S.K.: 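Have a look at this one before I ask anything.
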Number of protein chains: 2
Amino acid sequence: MGRPSKKQERTEEILQAFQRCVARFGLEGSSLERIAEEAGLQRSLVRHFVGNRDDLIAMLADRVIAQSDAQWSAFLEILPPQGAVEALLEGLFHEATSDPEFVLVIESLIFASSQKPELQQLMQQWLKRFTDDVTGIIARDFPQNSAEDLSAVAFGIVSLYFNLDSLAPIGLNDQYREPAYKAAQRLINSLSN
Amino acid sequence: MGRPSKKQERTEEILQAFQRCVARFGLEGSSLERIAEEAGLQRSLVRHFVGNRDDLIAMLADRVIAQSDAQWSAFLEILPPQGAVEALLEGLFHEATSDPEFVLVIESLIFASSQKPELQQLMQQWLKRFTDDVTGIIARDFPQNSAEDLSAVAFGIVSLYFNLDSLAPIGLNDQYREPAYKAAQRLINSLSN
DNA sequence: TTGTAAATTGTCAAATATGACAATAAACTT
DNA sequence: AAGTTTATTGTCATATTTGACAATTTACAA
């Protein structure tokens, strides 16, 4: 009964438009006006489907985190049972050409975390999953090391990877990718066995 | 002749207010209105002394970079002639409790770099000075290593340090400081000699 | 065809941001 | 005291953003 709802697709379109806007103008700079224009919809429709900008931000965060998790999970699936660490480094520093727009959105969310407690919690958990997974992978290949050493190495690798993304706006990504990879290798080599 | 100019002090006040605003609302979210209110001045005065927001951003960038460079230079001065690397790590990961507001401002500038070429160039140079200095310090204590290895280790240390700041908005700074320090040590220990 | 739920369009009022500029007040020099 | 430079205040026009809501249209079910 009644007209079929386009809420799903419309919401998707709007969120994609929002994502593009955030990458270009930042969270604060993305007015509903701009988002609507970017999505090719009327502002009223944006309001109708997703509410005000705070609602939008919450939805965007969920979406982005889910997307990131999905990518990450898919990546983990591919890792070989043994020699996983080597494949991990290859994947993180050589193959992975993360979408700059996506990176900017995540940066924005991280940045906005300091103002939005709910968001901060989401990002905390997101980061923790990431580092814990990396620690786990390393632990499997290098079981003889203490948890402390493993965490340190894992955090180092995550930092190297994240830093490439964080500094992406500066535009030196290509220049620093190789040093980052080498540094990660050195961290791994510093483990026993 | 004529009334004495307060341009210096006023500009300083305005930039400080701007800095506070940026830390709270982001670059885009800092309207002249807000800045003026934060500075306790009329908006007209803000315009009178520093111009529009693009002018403001340029001035803020110069100021922040100068400030950062000054701090960094002062820090380098203190480093002992030998054993400098150890002191470096101590300083970066244990003593240095960087002002969160200041960090947020730098983050904002880095982030905005992707949209503003002049700013991007400034930040590139700023980052380069930083990593080159670190490379130099390490090179002095570990002269037997190749430039490539030294750069990798230096970039690793810089990444660890920056990452702590980048992730500061997430609020896990304390938790990750020690792993970061240990990872940095491991990188250093991976060098010959 | 009729009822209904949802999409879609359009409009209004209020708040906010910006640029430009006039007018006044203050502080200094000669 | 006169002149000059700058600070300071105030205002006007304009554009943007937002929230709220009314009116209309569309697509489906019975």
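In this text, all values refer to a predicted model and were calculated from it rather than measured experimentally. So you know, we letter chains A, B, ... as the sequences are listed, proteins then strands, and number each from 1.
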S.K.: Can you tell me which nucleotide in dT8(C), dA17(C), dA27(D) comes closest to the side chain of H48(A)?
M.R.: dT8(C)
S.K.: Considering only side-chain heavy atoms of S44(B), which listed nucleotide, dT9(D), dT18(C), dA7(C), is closest?
M.R.: dT9(D)
S.K.: Is R10(B) salt-bridged to E13(B), going by a charged N under 4.0 Å from an acidic O?
M.R.: yes
S.K.: Distance-only, no hydrogens or angles: does the R177(A) side chain make a donor-acceptor pair with backbone N or O of F93(A) under 3.5 Å?
M.R.: yes
S.K.: Can you tell me which nucleotide in dT18(C), dA7(C), dT17(D) comes closest to the side chain of S31(B)?
M.R.: dT18(C)
S.K.: Is the shortest side-chain N/O distance from K6(A) to OP1 or OP2 of dT26(D) below 4.0 Å?
M.R.: no
S.K.: In whole angstrom, give the distance that lies between atom CD of E13(A) and atom P of dA7(C).
M.R.: 12 Å
S.K.: Do the side chains of R20(B) and E101(B) get close enough for a salt bridge, i.e. N-O under 4.0 angstrom?
M.R.: no
S.K.: Hey, which sits more toward the 5' end of DNA chain C by its nearest nucleotide, R53(B) or P4(B)?
M.R.: R53(B)
S.K.: Taking CD from E9(A) and P from dA6(C), how many angstroms apart are they, rounded to a whole number?
M.R.: 15 Å
S.K.: Once rounded to the nearest 0.5 Å, what's the spacing between atom CD1 of I188(B) and atom CG of D141(B)?
M.R.: 8.0 Å
S.K.: Less than 4.0 angstrom between a side-chain N/O of S5(A) and OP1 or OP2 of dA6(C), yes or no?
M.R.: no
S.K.: I want to verify a distance call: between dT18(D), dG19(C), dA7(C), whose nearest atom is closest to the R47(B) side chain?
M.R.: dG19(C)
S.K.: Looking at dA7(D), dT17(D), dG19(D), which one has an atom nearest to any side-chain atom of E33(A)?
M.R.: dT17(D)
S.K.: Base, sugar-phosphate, or nothing for L45(B), non-hydrogen atoms under 4.0 angstrom?
M.R.: base
S.K.: Would you mind reading off the distance between Q8(B) atom CD and dA7(D) atom C1', rounded to a whole angstrom?
M.R.: 15 Å
S.K.: Starting at the 5' end of DNA chain C and moving along, which residue's nearest nucleotide shows up first, L41(A) or L32(B)?
M.R.: L41(A)
S.K.: Rounded to the nearest Å, what distance is computed from the CD atom of residue E28(B) to the C1' atom of nucleotide dT17(D)?
M.R.: 15 Å
S.K.: In whole angstrom, give the distance that lies between atom CD1 of I57(A) and atom P of dT18(D).
M.R.: 11 Å
S.K.: dT8(C) phosphate, OP1 or OP2: any side-chain N/O from R10(A) under 4.0 angstrom?
M.R.: yes
S.K.: What is the distance from CG of N52(A) to P of dA20(D), rounded to the nearest Å?
M.R.: 9 Å
S.K.: Can you measure Q42(B) atom CD to dA20(C) atom C1' for me and round it to whole angstrom units?
M.R.: 16 Å
S.K.: Both R43(B) and R3(B) contact DNA chain D. Taking the nearest nucleotide for each, which residue is further toward the 5' end?
M.R.: R3(B)
S.K.: Under 3.5 Å, which donor-acceptor pairs do the side chains of residues 44-52 of chain B form with other protein atoms, sequence neighbours left out?
M.R.:
residue, atom, partner, partner atom, Å
N52(B), OD1, D54(B), N, 3.2
N52(B), OD1, D55(B), N, 3.1

S.K.: Using whole Å, report how far NZ of K7(B) lies from P of dA7(D).
M.R.: 7 Å
